[in-house]
Amino acid sequence: MSSNNYLPHLVILPEDEADAKIAHGFTLNLQINQRAIQVLPYAGGWKVVVGKFIKDHATKMRQYLERRFLLLIDFDKQLQNRLPYIQNQIPENVRDRVFILGVFSKPEKLGSALGKKLESIGEEIADNCEQNSNQFWQHDLLKHNQAELERMIADVKPFLFAHGKA
């Protein structure tokens, strides 16, 4: 679904098909304001995510001040190198509205560890967010996201969920 560029909204750029399934599952939550979220087609690699964001979306972020952007990537057990690299690629004048989240290894590993399909994981993430719970995020493959998650929730939850409670 496409969102109104002049109202607060979140655009998600997933790295691969697995991340796209998680993002899609997130959007299935009935409390999500469907007009405030858009999941783009997956990019095909974490470096491609960064490149697409810089080439195709950074300028639009400057134009549409209500746009928030989530880069949904796999850290492939390279968190210490990958996260700072990506953060440094994001232009400083939009950095506060860009979020980077992902599984420490691969989403498929998280699915196996939890015994769940990827879309179900996305639904559970949305439920946790909607219910002000971070229980799901304490999993070993997700807990590294905590600081970024807190920053993102404070910014997007008021417009992303129908009731708007942060």
Side-chain angles (χ1 to χ4, degrees), residues 1-16 18-20 22-27 29 32-107 110 121-122 125-126 128-130 132 134 136-139 141-161 164-166:
M1 173 169 285
S2 185
S3 50
N4 183 330
N5 290 323
Y6 299 99
L7 294 176
H9 63 283
L10 176 67
V11 178
I12 303 172
L13 179 57
E15 173 182 336
D16 55 25
D19 290 311
I22 291 173
H24 176 69
F26 185 90
T27 67
N29 182 292
I32 295 280
N33 176 356
Q34 294 296 324
R35 294 179 182 201
I37 192 167
Q38 178 182 7
V39 179
L40 299 174
Y42 65 87
W46 71 271
K47 285 186 177 179
V48 180
V49 167
V50 175
K52 276 185 173 286
F53 176 76
I54 300 302
K55 181 178 178 250
D56 300 336
H57 301 286
T59 301
K60 290 180 183 174
M61 291 280 298
R62 292 181 198 100
Q63 180 181 359
Y64 301 120
L65 301 179
E66 296 296 334
R67 179 167 292 172
R68 309 306 190 269
F69 221 95
L70 170 59
L71 306 178
L72 189 57
I73 66 161
D74 308 343
F75 285 106
D76 300 318
K77 298 181 182 178
Q78 301 295 316
L79 178 69
Q80 299 304 328
N81 299 324
R82 194 163 294 177
L83 183 59
Y85 173 83
I86 296 170
Q87 289 170 328
N88 288 331
Q89 300 303 308
I90 298 169
E92 194 171 323
N93 59 359
V94 298
R95 196 171 290 161
D96 64 326
R97 294 182 288 128
V98 178
F99 309 98
I100 306 160
L101 297 176
V103 177
F104 182 71
S105 56
K106 296 260 186 215
L110 181 63
I121 291 171
I125 290 171
N128 271 220
C129 185
E130 194 265 330
N132 293 321
N134 69 355
F136 187 81
W137 293 95
Q138 298 307 311
H139 191 280
L141 295 174
L142 295 174
K143 64 184 178 183
H144 62 277
N145 289 300
Q146 194 60 44
E148 191 75 346
L149 181 65
E150 288 173 9
R151 189 174 74 87
M152 186 172 120
I153 288 172
D155 193 28
V156 305
K157 190 171 181 181
F159 69 81
L160 192 56
F161 287 87
K165 295 178 186 170

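Note that the CD1 atom of I121 and the CZ atom of F26 stand 14.0 Å from one another [nearest 0.5 Å]. One distance of note links CD of Q63 with OH of Y6; it measures 5.5 Å at 0.5 Å rounding. Taken from CD1 in I37 to CD1 in I12, the straight-line distance is 4.0 Å, to the nearest 0.5 Å. A distance of 13.5 Å separates CG in L149 from CD1 in I100, rounded to the nearest 0.5 Å. Separation of atoms OH (Y85) and CD1 (I90) is listed at 11.5 Å; rounding is to 0.5 Å. Residue L79 holds its CG atom at 11.5 Å from OG of S105, rounded to the nearest 0.5 Å.
Looking at heavy atoms from C-beta onward, I153 lies in side-chain contact with C129 at the 4.5 angstrom threshold. Looking at heavy atoms from C-beta onward, T27 lies in side-chain contact with V39 at the 4.5 angstrom threshold. Side chains of L110 and H139 form a contact here, defined as non-hydrogen atoms less than 4.5 Å apart.
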- Message: Apply side chain to side chain contact (heavy atoms under 4.5 Å, CB included) to residues W137 and L101 and explain how you reach the verdict.
- Response: CA-CA 11 Å; W137 293 95; L101 297 176; 4.3 Å; yes
- Item | Verdict with supporting geometry, R62 and N93, side-chain hydrogen bond (donor to acceptor under 3.5 Å, both in side chains) | CA-CA 8 Å; R62 292 181 198 100; N93 59 359; 3.3 Å; yes
- Would you check, one step at a time, whether the test side chain to side chain contact (heavy atoms under 4.5 Å, CB included) holds for M61 with F69? CA-CA 8 Å; M61 291 280 298; F69 221 95; 3.9 Å; yes
- Message: If you apply the rule side chain to side chain contact (heavy atoms under 4.5 Å, CB included), what do you find for I86 with Q89, and how did you get there?
- Response: CA-CA 5 Å; I86 296 170; Q89 300 303 308; 5.6 Å; no
- Going through the distances and angles, do N145 and F75 end up as a side chain to side chain contact (heavy atoms under 4.5 Å, CB included)? CA-CA 11 Å; N145 289 300; F75 285 106; 4.1 Å; yes
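Taking each heavy atom of L72 and A23 in turn, the nearest pair found is CD2-CB, 4.1 Å. For the residue pair L13 and F53, the shortest heavy atom distance occurs at CD2-N, 4.3 Å. Annotation for L142 and G102: closest pair CD2-O, 4.3 Å, computed over non-hydrogen atoms. The two residues L70 and M152 make their nearest non-hydrogen contact at CD1-SD, 4.1 Å. The shortest non-hydrogen separation linking P41 to P14 is O-CD, 4.2 Å. What you find for P91 and A58 is that their closest heavy atoms are CG-CB, 4.0 Å.
In terms of modelled atom types and a separation under 3.5 Å, the side chain of E15 and the main chain of Y42 share no donor-acceptor contact. At distances below 3.5 Å, not a single donor-acceptor pair connects side-chain atoms of N33 with backbone N or O atoms of L160. The closest donor-acceptor contact from the side chain of K52 to the backbone of A43 lies at 3.5 Å or more, if one exists at all.
The salt bridge (Lys or Arg N to Asp or Glu O under 4.0 Å) contacts involving residues 37-50 comprise nothing, where partners must be two or more places apart or lie in separate chains. Within the structure, the salt bridge (Lys or Arg N to Asp or Glu O under 4.0 Å) test picks out the following pairs touching residues 72-99 (sequence neighbours left out): D74-K106, D76-R82, D76-K106.
A search for side chain to side chain contact (heavy atoms under 4.5 Å, CB included) contacts involving H9 returns S3, N5, V11, R67, not counting sequence neighbours. D19 pairs by the salt bridge (Lys or Arg N to Asp or Glu O under 4.0 Å) definition with nothing, not counting sequence neighbours. Considering only residues two or more places apart in sequence or on other chains, D155 meets the salt bridge (Lys or Arg N to Asp or Glu O under 4.0 Å) condition with R68. R151 meets the side chain to side chain contact (heavy atoms under 4.5 Å, CB included) test with F99, E148; sequence neighbours excluded.
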